[in-house]
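Ligands are counted one by one from 1 in listed order, and the atoms in each one are counted from 1 as well.
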Amino acid sequence: MTTAAAGGPRTYQVRTYGCQMNVHDSERISGLLEQAGYVRAGEAEDTPDVVVFNTCAVRENADNRLYGNLGHLRPVKNRHPGMQIAVGGCLAQKDRGDIVRRAPWVDVVFGTHNIGSLPVLLERARHNAAAEVEILEALDVFPSTLPTRRESTYAGWVSISVGCNNTCTFCIVPSLRGKEKDRRPGDILSEVRALVDEGVLEVTLLGQNVNSYGVEFGDRYAFGKLLRACGEIDGLERVRFTSPHPKDFTDDVIAAMAETPNVCPSLHMPLQSGSDDVLRAMRRSYRSEKYLGIIEKVRAAMPDAAITTDIIVGFPGETEADFERTLDVVREARFSSAFTFQYSKRPGTPAATMDGQLPKPVVQERYERLIACVEEITWAENKKLVGETVEVLVAVGEGRKDERTGRMSGRARDGRLVHFATGGAGEPGDAESIRPGDIVHTTITYAAPHHLNADGAPLSHRRTRAGDAAEAGRSPRTPGVLLGLPTIGAPAAAPAPTTGCAVSP
Ligand code: SF4
């Protein structure tokens, strides 16, 4: 029996696939549903009144997975009258009405530009006992104006733009999320302040290409200014951003990073390939020399910056020499971490139909060599931190082995993952008193390729408002903060994301 059938409020569950954009969109979907009176279904509840799939179109078999999941839910829904199923996200934007043709038991299909309509669409579908499909081709309301149920008490995502004006040939974002729409700086800063007022310590500014932020209102230095403005917000301890694009990276952003104390010394900048020929085929208009030049300037301004990246191996036409060039850039850039992906066709992207698709064994072999090369470097870079004291923002869910090892986990200012030992009972930094969202200083004793350990007792432990909120079981909620954009564009053609540059192709 669903909760509503038992006389309680209607419950919901959101199942999220894909990139950070989708994770953040799911926070908005939850915020909207809760504003409309729904309550989140308990972990163990297998028959929520509403199940929302926030889909991703990135993987070749993404649609098979969706229809498989929908198929599993069909008998559940048949047994529970009143249950509703909604499908949103990139795959919904792409497949639209096909979804209800293939799975007629779906109640609502909504696109990436009309998340805000979901409660109304669910209501209408219930009232009319018929499926509702609503896909807008262009952004109607900037998604950051929607109420948001935040998943973390100490860190929050804040959208600065959606969509992307680039045309990388492996990426589905431009066709599914549309052209870049920038949010006004005042609205972004209001949302950041609202989060900080709720105790949040760390904010990540989110956009497919943060370096082109401002293109819409004609200020190519807008992103650097935004970073500096974040530096003025009392109580905001850490500012991160993702993803920058090497093509649009300007020196003022490096200066703003270096000169704004709460901007973290970390940079995640997608490389994708070290070969200029492959970059050309990817239609990414920087070359490896420019990429390495940015890193050199970042290191000159912030010697301790941790630089991370995304790399795709096996792009159509990639030769052994092209791949070797990627390894060269990896060695020269000395990344502290890299997300590595084997190229796989994304339906609807230009690269999917290019000549020169590589056999899987070739891609696999290069991928394994790339991982070995990356790990050798990340391990060597991490070892340099042994003996250093780091500030850790204590996190939830970052240390899978914490229960067994008795450690806690969190991120250093440079973004590195740190597993740390706690103090003995009654000592400063004892396990009982440290909460997620608190700040700990500790000394690194061991380095692995993907994490650092600190096995002495913490040098200090600061209780924070985020920690208080975590202890009280509160999560920040931001209301629809101002209207970031007027209604833009008219329904006419199509968009949804998944992956920006920072996510797997
Ligand atoms: S990979 Fe990034 S920059 Fe390129 S089109 Fe996609 S979202 Fe835009």
Taking 4.0 angstrom as the limit and counting only heavy atoms of [X], give me the atoms of ligand 1 inside it, by number and element.
X: Gln208; result: 7 (S)
X: Cys171; result: 1 (S), 5 (S), 6 (Fe), 7 (S)
X: Phe170; result: 1 (S)
X: His245; result: 3 (S)

Tell me which part of Asn209 gets within contact of ligand 1: side chain, backbone, both or neither, using heavy atoms under 4.0 Å.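 Neither part.
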Applying salt bridge (Lys or Arg N to Asp or Glu O under 4.0 Å), name anything that partners Glu259, two or more places apart in sequence or on another chain.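 Scan of Glu259 (salt bridge (Lys or Arg N to Asp or Glu O under 4.0 Å), adjacent residues dropped) gives Arg228.
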Are the aromatic ring centres of Tyr286 and Phe249 under 6.0 angstrom apart?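 No, the ring centres sit 6.0 Å or more apart.
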Give a yes-or-no answer on whether the side chains of Ser212 and Glu180 include a donor-acceptor pair shorter than 3.5 Å.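 There is such a pair (donor and acceptor under 3.5 Å, judged by atom type) between the side chains of Ser212 and Glu180.
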Compute the minimum heavy-atom distance from Arg284 to ligand 1 and say whether it is under 4.0 Å.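 Yes.
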Presence of N, O or S from Cys164 under 2.8 Å of atom 4 (Fe) of ligand 1: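 No - counting backbone and side chain alike, Cys164 has no N, O or S atom under 2.8 Å.
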Minimum heavy-atom distance between Thr55 and Val87, given as atom pair plus value: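 What the structure gives for the nearest pair is CG2-CG1, 3.8 Å.
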List in chain and number order the residues that pass side-chain hydrogen bond (donor to acceptor under 3.5 Å, both in side chains) with Arg220, two or more places apart in sequence or in another chain; answer none if no residue qualifies.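 Per chain and number, Arg220 pairs via side-chain hydrogen bond (donor to acceptor under 3.5 Å, both in side chains) with no residue.
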How about Ile307 and Phe335: do any of their side-chain heavy atoms sit closer than 4.5 Å?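 With C-beta onward as the side chain, the pair touches.
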